[in-house]
There are 2 protein chains.
Amino acid sequence: MNKKDQVTRERILNEAEVLFAKNGYDAVSVREITTAARCNLAAVNYHFGNKQKLYLEVFRARWVPRARRVQAYFRESLASQDTVSTSAVAQALAEAFLKGPLSDDERQRQSQLMTRELIQPTEAFELLAGEVLRPFFKELADTLRPFMPKGLGNEGLMLNILSMFSMVIYFNFARAVVSRITGRDYDAAFKDRLVEQIVEFSLNGLGKGEKEGA
Amino acid sequence: MNKKDQVTRERILNEAEVLFAKNGYDAVSVREITTAARCNLAAVNYHFGNKQKLYLEVFRARWVPRARRVQAYFRESLASQDTVSTSAVAQALAEAFLKGPLSDDERQRQSQLMTRELIQPTEAFELLAGEVLRPFFKELADTLRPFMPKGLGNEGLMLNILSMFSMVIYFNFARAVVSRITGRDYDAAFKDRLVEQIVEFSLNGLGKGEKEGA
DNA sequence: TTGACATTCAAACGTTTGTTTGATACAAAT
DNA sequence: ATTTGTATCAAACAAACGTTTGAATGTCAA
């Protein structure tokens, strides 16, 4: 294995991720990928075996590590608080996903790749669910458990977490609708607004609390 | 235009909807569609011009009318209540989308088609957003407005509606994850549970209220 | 310098793709 | 019975697809 090889392999992975995220697996041809990566057509099969295995490797080598970075950001952001509370968890969660350690392009790719797997699971879904989502939800559950009402079972807690999660990923992947409905661009100010929205809604639902603090 | 023609055209639309929803535009071939519809390959181009126009017609002739049925169901369900309240709106919304007038297959197709357009808008997105989502959100906003805190602007109200909506569509399209995390099948009982979850979360967020009523 | 191995490359493989064509079948109107 | 218009069909089209091949190139150890 050469140095030049690594470079080509990496370039293919990068371009494949961008194209798969933007257009989906079937709409992207191996020729598109290799042209974007400025290498020969046969390079995909040489380095990855075939197109499907390249797609899987995008998740293994790119998506999962990035998801772990987001998770780590969430963990640290929570640890930096003096006291953990429900609102701190919601805040850290929303910030990690909507702002967090990823660039805006990375974030968009990440949620597009994930959402495609959620709609129509392939082999990559096992990676996504088993290595990232399930452990992360488990961690969230353990963190939130002490603050939940006694009567709330594990299923109820999980559903609450999924409810928060639904907002977080929705505001990431459905930008087209959100922009169209609110009439706002996805700039830094709007992302702040969305974090605020998710936190507030997670705490009080439809407005009961009139933003007493802050 | 013949009677037989209508039948073929309808069969193509039906099979196209099923396949586009399940596999996405690019993963479905015209041959697959015409084989499933038991007609000649050239029928798609004869009746619809080309594949892309067929895809668009699926939204025009199938998706939009179904979305209107869901909307109507929501409206009637709300009208049948003696008094409109925030919780009644949330209840009617969640029920319309998760149970509502559609069969389970229809519901799944509907949200898969929509979610694909949300991730990666095509020409069909204009139909979806302009003819269905925007007017529906407008209606929701007008209904909820009287119950919202005075300080809440139009943008805040819209974001609240989008937050509810995010849960509703998430619990529809991300069945794979939801099932995997909660360990439950999407049977009638679980859908009831999800409606309850969405209503409760929409009203109280993360649990502040310990389900005082009911 | 030679040999062994890893990587790139142009070219071709056999399929499958969306679309077009021209003949045929069928219905209703003249 | 003949004309007219519509719908279906098998067959073919060029283009694009994923993958394979075998030769060329580069790299490093012996």
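Please read these numbers as outputs of a predicted model, since none were measured by experiment. Naming convention: chains lettered A, B, ... in sequence-line order (proteins, then strands); numbering from 1 in each chain.
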Would you mind reporting whether A:N160 and B:Q197 have side-chain heavy atoms less than 4.5 Å apart? yes

B:R38 has an atom CZ; how far is it from atom P of D:dC9, in whole Å? 11 Å

For atom CG of B:N45 and atom P of C:dG22, their distance in whole Å: 15 Å

First of A:A42 and A:R31 reached from the 5' end of DNA chain C, by closest nucleotide: A:A42

Counting only heavy atoms from other residues, nucleotides and ligands, does the tally under 6.0 Å from CG of A:D185 exceed 12? no

A:I12 CD1 - C:dT8 P separation (whole Å): 8 Å

What I want to check is whether an N or O donor and acceptor connect the side chain of A:N40 with the base of C:dA10 at under 3.5 Å. yes

Pairwise 5' ranking along DNA chain D for A:G49 and A:E32, keeping only the more 5' one: A:E32

Just checking B:A43: base, sugar-phosphate only, or nothing, at a heavy-atom cut-off of under 4.0 Å? nothing

Atom OH of B:Y55 and atom C1' of C:dG18: how far apart are they, to the nearest Å? 17 Å

Identify which nucleotide among D:dT6, C:dT8, D:dT19 has an atom closest to any side-chain atom of A:Y46, counting heavy atoms from C-beta outward. C:dT8

In this structure, is the centre-to-centre distance between the rings of B:Y55 and B:F20 below 6.0 Å? yes

Among C:dT8, C:dT19, C:dC9, which nucleotide sits nearest the side chain of A:C39? C:dC9

What I'd like to find out is whether the side chain of B:V178 reaches to under 4.5 Å of the side chain of B:F190, using heavy atoms alone. yes

Side-chain N or O of B:T8 less than 4.0 angstrom from OP1 or OP2 on D:dT8? yes

Can you tell me if the side-chain N/O atoms of B:S29 get under 4.0 Å from OP1 or OP2 in C:dT17? yes

